[in-house]
Amino acid sequence: MEKKYVYLFSEGNASMKNLLGGKGANLAEMTTLGIPVPTGFTVTTEACNKYYEDGKTISSEVMEQIYASIKELEKVAGKEFGSEEDPLLVSVRSGARVSMPGMMDTILNLGLNDSAVEVVANKTNNPRFAYDSYRRFIQMFSDVVMGIEKRLFEDKLDAMKEARGVKLDTDLNADDLKELVAQFKELYKKEKGEEFPQDPKVQLIESITAVFRSWDNPRAIVYRRLNDIPGDWGTAVNVQQMVFGNKGETSGTGVIFSRNPATGENKIYGEYLMNAQGEDVVAGIRTPQPIYQLEEQDPVIYKQLTDIIATLEAHYKDMQDMEITIEEGKLYFLQTRNGKRTAQAALKIAVDLVEDGTLTKEEAILKVEPKQLDTLLHPAFDVEELKKANVVAKGLPASPGAACGKIAFTADESKERAEKGEKVVLVRLETSPEDIEGMIAAEGILTVRGGMTSHAAVVARGMGTCCVAGCGEIKVDEKAKTVTIEDKTYGVDDYISIDGSTGNIYAEAVKTVSPEITGHFATFMGWADEIRKLKVRTNADTPRDTIQAVEFGAEGIGLCRTEHMFFAEDRIMAVREMIVAKNEEQRRKALDKILPMQRQDFTEIYEALEGMPATIRFLDPPLHEFVPHSDEEIAELAKEMGLTFEELKATVEDLHEFNPMMGHRGCRLAVSYPEIAEMQTRAVIEAALDVKAKKGYDIVPEIMIPLVGEIKELKYVKDVVVKTAEAVMEERGTKIEYHVGTMIEIPRAALTADEIAKEADFFSFGTNDLTQMTFGFSRDDAAKFLGSYYDKKIYEQDPFAKLDQTGVGQLVKIAAEKGRATRPDIKLGICGEHGGDPSSVEFCHNVGLNYVSCSPFRVPLARLAAAQAQVKNPR
Ligand code: PEP
Ligand code: MG
């Protein structure tokens with residue numbers, strides 16, 4: 001049987017998201033529920049994939065099915081494509097499984113041509129409406145399908161308004177618009193070298209092709225990488241009969257959320273505009289009105305609207321984001337989907353839906369994006385500083401949080417300056433999908449135009465970036481790179497601070513502080529903790545970070561990188577002495593100076609953990625990292641150490657390595673200089689004994705030997721550790737339990753994990769190094785060339801951020817299985833950056849690790865991701 005590439009709305013349902021895309025599946029579901037949805041059909045995501053497989057052409061097989069569906073559409077609509085009597089007009093919209101800014105969005109009024117526009121004008125007795133629709137169509141088709149700059153059309157529209165002496169588009173009359181249509185068509189011909197296509201079928205196929213093409217445009221690829229969306233999902237295309245919100249004062253359009261997307265308050269929230277098409281609301285050209293005002297304007301429609309919203313929310317068991325059109329007093333739903341929301345709103349909604357019995361805790365856990373929790377942990381303004389700061393303007397509080405930085409006026413500038421380490425706030429008239437990278441790079445986003453549903457607002461909320469939108473009080477000159485606020489002008493060197501929770505703007509630097517978490521967050525995270533099986537630890541090397549992580553729910557330290565402690569100003573001298581020591585005696589002398597400091601480090605960390613476990617990793621990086629490099633630094637150190645410049649310089653040169661990441665580092669240091677491991681063991685055990693004696697915590701130190709690739713090297717270092725630990729306990733006349741384990745960071749260690757497990761009480765997967773060693777590219781340099789790999793679609797994701805499950809993951813799996821075969825109770829964890837990435841956490845759950853360890857600010861995210869993994873795949 002022939003494969004089905006096109007589904008009428010009446011043939012699908014909400015479970016078919018993968019095939020019909022989110023929008024298509026929900027349009028089908030609403031159709032089945034009897035909600036007024038203009039009729040239409042969906043070209044599937046498989047057709048999109050086929051388009052690419054077939055060398056970027058729509059095959060005749062798919063084309064035939066599209067034409068057949070148009071016939072069906074014509075029957076239901078009682079109108080005909082290209083008809084001289086009653087032409088069928090449609091919209092074409094993209095619709096991937098998840099909504100994706102950056103792709104082609106919408107073409108409206110498709111089917112209009114020189115004759116159809118006349119028919120529509122006569123039939124509706126509204127030539128103004130007909131020509132307005134046609135000029136919009138030409139403009140959209142030219143811009144999004146044919147890539148002709150939108151600005152060229154806008155210039156003509158502006159010139160027309162100026163010539164007629166009017167301000168608003170709606171002030172132009174039918175004749176003006178008719179003339180504009182002629183100008184637009186001429187412009188099209190000039191740019192494309194051919195007439196504007198008159199055949200609706202050509203218009204349609206071109207538009208569908210444009211949607212497929214947009215799946216792979218650079219903005220969409222960036223968005224996918226950021227949001228873990230695989231390239232092979234493809235997008236569907238929805239073709240739907242037009243209904244018109246711009247037919248006069250009994251028509252209109254709106255965007256509505258079933259609950260407040262910023263706060264989660266259980267009250268419908270949204271905006272509408274009478275006598276307008278959807279793009280007018282989104283573009284922010286005219287200011288829409290709050291939806292509750294519709295109740296006064298048309299109580300019957302309002303009642304119908306709220307009833308349907310309640311039905312949809314109950315049906316989907318989630319907050320809905322809907323698009324409606326009212327055509328001459330009749331209400332239509334053009335879209336519903338689970339609405340994007342702030343983290344605060346997401347938590348409130350999830351908790352409310354459990355409390356009113358709509359959802360179970362397990363279902364609710366899946367409703368919040370782990371990455372979103374980030375925003376809750378992000379800065380707010382320091383209260384005291386804020387009291388002194390002056391509010392100079394106010395916009396819409398579009399996405400909460402606080403941001404402070406110097407002003408950047410373009411997305412490129414924002415990206416470039418942020419890459420150089422500058423904190424910038426992106427200030428624009430409005431944002432568009434091509435700004436995505438600049439928006440990601442910015443601390444916050446401020447726009448002059450647009451409402452709560454504008455591009456900037458929607459995208460910033462999704463990213464969790466602070467955003468103030470629609471701040472009409474300020475004037476931005478993007479060319480001159482100036483902002484004028486209250487008669488004062490600011491430029492790229494000036495600071496601006498914005499508050500995405502209040503909409504307040506400050507033309508000065510206002511300090512930001514970390515937030516406190518309470519209320520719904522605690523309730524929700526409590527459920528996550530009840531559900532998850534995977535423990536969550538943190539990577540921390542200071543008491544400060546440890547305390548922060550414990551506040552965020554960490555259950556111990558999974559990685560304490562001891563070398564970070566060596567850089568402190570008061571000890572770097574002693575460390576350097578140790579490194580440049582010529583013999584063991586000199587080295588031991590230096591180590592004796594370091595010992596009390598290390599012991600103090602561990603004591604403080606044990607105290608901060610209040611008895612929770614800590615994995616202390618022994619010295620790991622190449623030694624030369626600690627050594628001064630410039631001649632001035634060498635001279636200074638030589639003086640301090642009583643050496644000649646030449647002596648020290650020679651030692652430093654001796655330490656040089658061509659490939660330090662694969663050089664004298666990790667356990668290799670302890671093999672060469674066992675006295676370093678002795679000192680560290682002594683510090684760990686003595687600190688544990690001290691804290692146990694002082695505070696009564698039962699500390700079981702976990703000593704971790706890094707970068708092991710061979711059982712014998714682990715055994716060698718472990719013997720040093722055990723001998724020292726036993727000696728220390730002997731001296732102190734008391735015993736404690738302690739564990740010695742290793743990191744799995746080298747492919748050889750993973751492959752020989754059954755042997756390694758003989759000497760290791762635990763494994764911790766160091767997936768930063770394991771990724772580096774498995775791919776064979778440097779974790780410090782890969783970013784320089786990975787860009788071309790994304791562009792060429794060789795990789796979709798940065799393997800240092802998201803675990804490569806196919807390759808590196810396989811090594812993790814092998815090592816876990818082999819380790820357990822030798823030592824069934826071996827404790828397994830991960831401490832590479834991947835421990836804080838949701839999909840990698842899910843992988844760790846599925847492989848059966850005992851814990852993940854990540855940086856303090858990612859602990860809540862990991863707790864939630866671990867709970868979600870358990871709900872999806874109970875273990
Ligand atoms: C790792 O390699 O994954 C790891 C945690 O160690 P580091 O990042 O310190 O090399
Ligand atoms: Mg490592």
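Every number for a ligand or one of its atoms is a count from 1 in the order of the listing.
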Report the name of the N/O/S atom of E745 located nearest to the Mg ion (ligand 2). OE2
Suppose we only allow N, O or S atoms; which atom of D769 ends up nearest to the Mg ion (ligand 2)? OD2
What residue among R599, R571, Q680, M578 forms side chain to side chain contact (heavy atoms under 4.5 Å, CB included) with I594? M578
Can you sort out which atoms of ligand 1 are near R779, meaning under 4.0 Å from one of its heavy atoms? 2 (O), 7 (P), 8 (O), 10 (O)
For the 3.5 Å polar cut-off, considering only N or O atoms, please tell me whether G766 and ligand 1 meet it. yes
Heavy atom of the protein closest to atom 6 (O) of ligand 1 (residue, atom name, distance): R617 NH1, 2.9 Å
Are any of the N or O atoms of E563 closer than 3.5 Å to those of ligand 1? no
Any idea which part of T767 is under 4.0 Å from ligand 1, heavy-atom wise: side chain, backbone, both or neither? backbone
Do the charged groups of E833 and R858 touch, with an N to O distance under 4.0 Å? yes
For R537, is there an ion pair with E555 - N to carboxylate O distance below 4.0 angstrom? no
The test is ring pair (Phe, Tyr, Trp, His ring centres under 6.0 Å); show your working for F775 and Y795 and say whether it passes. CA-CA 12 Å; F775 278 86; Y795 298 136; 5.7 Å; yes
Measure the CD1-OG1 distance between I676 and T681 for me, rounded to the nearest 0.5 Å. 11.5 Å
Taking everything shown except Y790 itself, do over 12 heavy atoms lie less than 6.0 Å from its OH? yes
For D769, the atoms of ligand 1 under 4.0 Å from one of its heavy atoms are 1 (C), 2 (O), 3 (O), 10 (O)
Where ligand 1 meets M743 - atom numbers and elements under 4.0 angstrom, heavy-atom basis: 4 (C), 5 (C), 6 (O)
Whether R779 engages the ring of F800 as a cation-pi pair (distance to the six-membered ring centre under 6.0 angstrom, angle to the ring normal within 45°) should be assessed. no
Let me check your reading of the structure: within less than 2.8 Å of the Mg ion (ligand 2), is there an N/O/S atom from D620? no
Regarding D698 and K692, does a basic nitrogen lie under 4.0 Å from an acidic carboxylate oxygen? yes
Within 4.0 Å of some non-hydrogen atom of L559, the atoms of ligand 1 are 5 (C)
Could a heavy atom of Q772 be found less than 4.0 Å from some atom of ligand 1? no
Note: R561, heavy atoms under 4.0 Å from ligand 1, region reported as side chain
Ligand 1 contact by E833, heavy-atom criterion under 4.0 angstrom: no
Ignoring hydrogens and geometry, is there a side-chain-to-backbone donor-acceptor pair from Q586 to K582 under 3.5 Å? yes
With heavy-atom distances below 4.0 Å as the criterion, list the atoms of ligand 1 near C831. 5 (C)
State, without any angle test, whether S855 and N539 hold a side-chain donor-acceptor pair at a distance under 3.5 Å. no
Tell me which part of N539 gets within contact of ligand 1: side chain, backbone, both or neither, using heavy atoms under 4.0 Å. neither
